[in-house]
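Heavy-atom basis, side chains included; hydrogens, waters and symmetry copies ignored. Numbers restart at 1 for each chain; the letters A, B, ... are given by sequence-line order, proteins then strands.
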Amino acid sequence: MSVRVRYAPSPTGSPHVGNIRTALFNHLFSRHHGGVNIVRIEDTDRSRYVEGCEEEIIESLQYVGVEWQEGPDVGGPSAPYRQSERKGTGLYQPIIDRLLSSGAAYWAFDTTEELSEMRDYQQINKQPIGYYGGVWRDAPSSKVEEARAAGLPGVIRLKIPRDETIVVDDAIRGRVEIASNGVDDPVLIKADGMPTYHFAAMVDDQLMGITHVFRGEEWISSAPKHVVLIKALGWEPPVFVHVPVIKGKDGSKLSKRHGDTACLDFRRAGFLTEALANFIALIGWSPGGDRELMTMDEMAGAFDIKGIQPSPGIFDIEKLSWMNGNYIRQKPIDELAPMVRDYSFCSENQAYWETKNPAVASAMRLLVGTWQKDPDLVKSAIGLEQERVTSLAEFGTACEFFFVDEVTFDPKAVEKWKGQEHVPKMLDAFLEFFSGKSSVSTSECESLLRQFQEANGFDKLGPIVHPVRVALSGKTVGPGLFEMMSVLGPERIVRRLERAKEVLA
RNA sequence: GCUCCUGUCGUCUAGCGGUUUAGGACAUCGCCCUCUCACGGCGAAGAUCGCGGGUUCGAAUCCCGUCAGGAGUACCA
């Protein structure tokens with residue numbers, strides 16, 4: 001039997017990384033088995049529908065590199081792929097009729113007040129809270145007909161059997177047994193006629209031939225309801241794979257107060273597709289052994305449900321950053337440079353940093369502005385910063401000193417070299433060397449500084465290099481000085497040296 | 001309250017009854033490389049495998065209990 005899996009988000013907000021991780025597992029699993037991955041939009045709750053959300057879902061999926069063969073955007077043999085549209089085709093009706101006539105489901109006309117009173121009572125009496133039948137589960141058909149004729153708003157509920165053990169087979173945890181008496185009767189069809197998740201998802205999974213259902217762990221407690229439903233319909237349940245949740249640093253479920261959680265925020269923050277995908281796949285999944293840095297192909301090749309951890313994992317942004325830096329370093333410069341340019345140019349990314357850290361946003365704009373005038377300068381600068389940066393966003397601030405007209409001096413750096421005897425003399429000598437030149441090579445710069453070192457009796461290069469670095473970049477840290485000088489070029493060097501003479505005098 | 005799930009270094013994890021003085025990675029610290037930072041290399045520290053009982057010649061690995069954390073408990077998904 002060929003594998004068919006589905007990612008079934010509801011369009012209620014921008015997808016969370018945990019959610020997208022489930023989508024990634026679907027992708028990896030279907031690729032591993034040469035199966036089909038389906039995207040299905042679960043939009044049965046009209047009150048929670050968020051406009052534009054479907055686009056964000058698609059974008060998030062594309063960002064992490066998830067591919068699908070059937071979905072609302074590409075169509076497919078099981079179309080439509082939005083539950084609201086599926087409902088419109090009337091495909092749920094015959095199934096619900098079957099359930100009703102076999103007695104597996106029943107109409108219930110409780111009002112919201114009655115339901116909340118019931119829960120209060122259960123709460124006070126320390127009983128399990130939920131709907132276990134009320135007056136409708138076994139009501140005579142005449143009473144139901146009466147209520148329907150009177151036009152009372154009613155729902156259709158699934159009749160969970162009494163005194164039985166419901167078995168849920170979970171591919172990660174194994175066999176889970178639940179006493180049916182603790183499972184309440186779920187609503188299948190709401191008063192507005194829309195199906196609930198419990199009903200629509202199970203029916204659609206069946207109709208779409210889904211073989212494995214990957215979903216969040218939070219679904220495990222409603223899984224018994226799903227197996228009862230499926231059995232009542234005479235179907236074979238799919239393999240359930242309840243993937244563990246992702247938690248924040250403090251151990252609670254990942255949420256807004258942990259910082260970024262929406263998948264697309266990570267793109268805005270400057271994380272590479274490869275890094276995010278690799279990182280989230282490894283929260284909760286391990287290929288076994290010591291493998292960590294993996295391409296999508298490698299992950300798909302190694303993917304196995306047995307490698308999925310049953311325990312929840314914590315999202316560690318530090319490790320993500322390390323991975324991101326790793327992938328950035330691997331990029332050939334011809335690929336990296338345009339990537340940094342596009343990233344920095346994107347107004348959505350700039351807006352993101354504008355609220356998070358305006359200095360980063362302005363550095364990004366400066367990078368783009370400079371690119372338009374002198375792309376080679378920017379490319380070279382990116383090349384020099386490539387190995388000391390951990391996100392696309394950092395290139396702006398890291399390269400900033402290359403692009404500014406006037407460097408910002410780090411007071412501590414100035415403090416250290418200001419007034420040192422050899423400094424003014426050295427600056428003058430170099431000024432003279434660079435004046436009128438049109439370009440310099442790295443090796444020319446190196447020999448210039450080394451000659452000065454020897455001529456002036458310094459046994460180390462430090463006292464020469466450090467003040468010059470401060471003079472040219474304003475900072476104490478950065479790329480190799482000679483490479484930096486070559487990239488800056490004589491013209492900028494001269495201008496900066498002149499200004500530094502005053503500052504460091 | 002009720003039900004279910006989970007529990008190996010701070011974090012992600014390897015481990016599937018003996019090859020384990022529990023391995024790797026991130027983070028931390030130190031050394032080396034070196035013009036600084038970073039990269040890279042080497043090394044240190046860090047888990048008596050939640051705890052308590054069993055089973056066994058032998059348990060992180062199997063069983064029971066216990067505690068802790070999490071999830072669900074909607075006409076939301």
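The phosphate of B:A77 has neither OP1 nor OP2 within less than 4.0 Å of any side-chain N or O from A:Arg48. A:Arg157 has a side-chain polar atom (N or O) that falls below the 4.0 Å cut-off from OP1 or OP2 of B:C75. Checking the phosphate oxygens (OP1, OP2) of B:A14, a side-chain nitrogen or oxygen of A:Ser286 falls inside 4.0 Å. Residue A:Ser311 places none of its side-chain N or O atoms closer than 4.0 Å to OP1 or OP2 of B:C5. Between A:Lys190 and the phosphate of B:A77, there is a side-chain N or O to OP1/OP2 separation shorter than 4.0 Å. Under 4.0 angstrom from either OP1 or OP2 of B:A14 there lies at least one side-chain N or O belonging to A:Gln309. OP1 or OP2 of B:C35 sits under 4.0 Å from a side-chain N or O of A:Arg450.
Here, B:G10 and B:C67 have their P atoms 24 Å apart, quoted to the whole Å. Comparing B:U61 with B:G50, their C1' atoms sit 16 Å apart, to the nearest whole Å. The same atom, C1', is picked in B:A14 and in B:C31; the two are 28 Å apart, to the nearest Å. Here the separation of B:A22 from B:U8, taken at their C1' atoms, is 8 Å to the nearest Å. Spacing between B:U56 and B:G15 at atom P, rounded to whole Å, works out to 28 Å. Spacing of P atoms, B:C9 relative to B:U48, comes out at 8 Å, to the nearest Å.
Spacing between atom CG of A:Leu254 and atom C1' of B:C12 amounts to 15 Å, rounded to whole angstrom units. When the C1' atom of B:U73 is taken as reference, atom CD of A:Gln127 falls 14 Å away, rounded to whole Å. Distance CG (A:Asp45) to P (B:A77): 5 Å, rounded to an integer number of Å. Spacing between atom CZ of A:Arg21 and atom P of B:C12 amounts to 12 Å, rounded to whole angstrom units. For the pair A:Phe482 CZ and B:U34 P, the interatomic distance rounds to 13 Å; values are reported in whole Å.
Side chains of A:Phe430 and A:Leu449 form a contact here, defined as non-hydrogen atoms less than 4.5 Å apart. A 4.5 Å side-chain heavy-atom check between A:Val39 and A:Tyr81 finds every atom pair outside the cut-off.
Taking the ring centroids of A:Phe303 and A:Phe25, they lie under the 6.0 Å cut-off. If you look at A:Phe214 and A:His242, their ring centroids are not closer than 6.0 Å.
Between the side chain of A:Lys319 and the base of B:A25, at least one donor-acceptor pair of N or O atoms lies under 3.5 Å. A donor and an acceptor atom sit less than 3.5 Å apart, one in the side chain of A:Arg388 and one in the base of B:C37. Looking at A:Arg173, its side chain has no donor and acceptor atom pair within 3.5 Å of the base of B:C5.
The main-chain N or O of A:Thr111 is found under 3.5 Å from a side-chain atom of A:Glu114 such that the two form a donor-acceptor pair.
In this entry B:U3 has B:A71 as its Watson-Crick or G-U wobble partner, both defining distances falling under 3.5 Å.
The residues A:Glu415 and A:Lys412 are annotated as not salt-bridged, no charged nitrogen and carboxylate oxygen being separated by less than 4.0 angstrom.
Base engagement by A:Glu387 is indicated by at least one non-hydrogen atom pair under 4.0 Å involving a base atom.
Residue A:Pro312 places its side chain closer to B:U6 than to any other of B:C75, B:U6, B:C35.
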